[in-house]
There are 2 protein chains.
Amino acid sequence: MAYGNALTALADPTRRRIFERLRKGPRPVGKLAAGLPVSRPAVSQHLKVLKEARLVHDEREGARHVYSIDPKGLGQLRAWLDQFWDSALDAFRAEVEKTAGKENSK
Amino acid sequence: MAYGNALTALADPTRRRIFERLRKGPRPVGKLAAGLPVSRPAVSQHLKVLKEARLVHDEREGARHVYSIDPKGLGQLRAWLDQFWDSALDAFRAEVEKTAGKENSK
DNA sequence: GCTTACCGTAAGTCAACACTTACGTTAGGT
DNA sequence: ACCTAACGTAAGTGTTGACTTACGGTAAGC
């Protein structure tokens with residue numbers, strides 16, 4: 001149930017903005033916090049949550065802590081989501097056939 | 001930004017349990033609430049959130065309200081996630097090459 | 001028509017959590 | 001050695017939201 005942490009992590013809008021910024025490449029905390037409407041410590045706390053969800057991982061470069069996207073949590077989340085995707089497609093097909101049946105019976 | 005609602009909806013554990021039950025097929029509210037550690041009105045409120053996120057849709061059968069998985073929200077969420085999946089793979093490849101380079105230079 | 005399932009909604013409560021400011025730590029520059 | 005930059009963490013606060021009980025509405029059975 002590791003995808004649970006990933007979902008709760010990505011549920012927060014600020015955390016999503018941080019995560020989306022990392023999509024363009026690795027960034028230190030200061031760069032990530034710049035432009036965001038919250039303080040830098042808030043960004044650190046968000047990064048901690050993202051890290052525990054295996055969505056990001058950090059790497060120290062001297063005084064800087066450079067964060068980047070971690071494929072692990074992303075992969076687990078995608079795998080969980082694909083479960084539903086398949087059954088949703090099946091349900092969709094069934095729905096179409098049922099509706100088509102109604103249309104034909106008119 | 002429709003995926004935002006889907007993420008906040010799936011962030012809640014109880015809502016995930018409801019959603020996962022719907023994976024096995026359409027269910028009325030009573031069946032979904034049975035076995036869950038929360039009251040039936042709570043399940044109704046959760047279903048409302050899932051519905052607004054386009055993750056489920058309901059259909060009235062007399063007094064019953066039968067809920068089933070809606071592919072719309074699921075598709076939007078998957079599309080958003082795939083954005084990161086691609087860049088995460090690129091980053092992963094770059095990381096592997098960088099690490100391999102270090103290994104060779106030893 | 002009356003009762004009984006089956007639901008959704010309103011109102012209120014309590015805990016989680018997203019913020020803030022203040023502080024401690026580490027690394028680099030002069 | 002001192003200062004500064006770049007962080008993480010601790011502690012406290014306000015608000016969101018996940019629950020409860022109570023109530024109103026609709027459809028089916030007798």
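Fair warning: this is a prediction, and the values are worked out from it, not measured in the lab. These values consider heavy atoms only, across backbone and side chains, with no hydrogens, waters or symmetry-generated copies. Chain A is the first sequence line, chain B the second, and so forth, proteins listed ahead of strands; every chain is numbered from 1.
Atom-to-atom, NZ of Lys48(A) to C1' of dA10(D) comes out at 10 Å; the value is rounded to the nearest Å. Rounded to whole Å, the distance from NE2 on His46(B) to P on dG17(D) is 13 Å. Rounded to an integer number of Å, the gap from Leu47(B) CG to dT9(C) C1' is 14 Å. Taking atom CD of residue Gln45(A) and atom C1' of nucleotide dT9(D), one finds them 8 Å apart after rounding to whole Å. Atom CG of Asp58(A) and atom P of dA6(D) are 17 Å apart (whole Å). Counting to the nearest Å, the P atom of dG17(D) and the CD atom of Glu52(B) are 12 Å from each other. With rounding to whole Å, Arg40(B) atom CZ is found 10 Å from dC6(C) atom P. Summarising the geometry, the separation between NE2 on His65(B) and P on dA28(D) is reported as 11 Å, rounded to the nearest angstrom.
Residues from residues 9-16 of chain B placing a heavy atom under 4.0 Å of any atom in DNA chain D, listed by number, are Asp12(B), Thr14(B), Arg15(B). A heavy atom lying under 4.0 Å from DNA chain D marks none of the residues of residues 23-36 of chain B.
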For Val56(A) and Ile18(A): C-alpha separation, side-chain torsions, deciding distance, then whether side-chain contact (heavy atoms from CB on, under 4.5 Å) applies. CA-CA 10 Å; Val56(A) 303; Ile18(A) 296 174; over 6 Å; no
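Electrostatic pairing of Asp82(B) and Arg78(A) counts as a salt bridge here, judged by a charged N lying under 4.0 Å from a carboxylate O.
Residue Ser39(B) places its side chain closer to dT20(D) than to any other of dG8(C), dA27(C), dT20(D).
Looking at every heavy atom in both residues, Arg15(B) comes nearest to Thr8(B) through NH2-O, 3.1 Å.
With values rounded to the nearest 0.5 angstrom, Arg21(A) atom CZ is found 11.0 Å from Lys31(A) atom NZ. The CG atom of Leu10(A) sits 5.0 Å away from atom CG of Leu55(A), with the distance rounded to the nearest 0.5 Å. Here the CH2-CG distance, from Trp80(B) to Leu7(B), works out to 5.5 Å after rounding to the nearest 0.5 Å.
Asp58(A) is not listed as a side-chain neighbour of Leu47(A), based on a closest heavy-atom distance of 4.5 Å or more.
When each of Glu61(A) and Pro37(A) is assigned the nucleotide of DNA chain C bearing its nearest heavy atom, the one mapping closer to the 5' terminus is Pro37(A).
No donor-acceptor distance shorter than 3.5 angstrom exists from the side chain of Arg27(B) to the backbone of Leu22(B), with no hydrogens or angles considered. Checked by atom type and distance alone, the side chain of Arg16(B) pairs as donor or acceptor with a backbone atom of Ala11(B) at under 3.5 Å.
Between Ser44(B) and dC7(C) there is no side-chain N or O to OP1 or OP2 distance below 4.0 Å. Put simply, Tyr67(B) has no side-chain N or O that comes within less than 4.0 Å of OP1 or OP2 on dC6(C).
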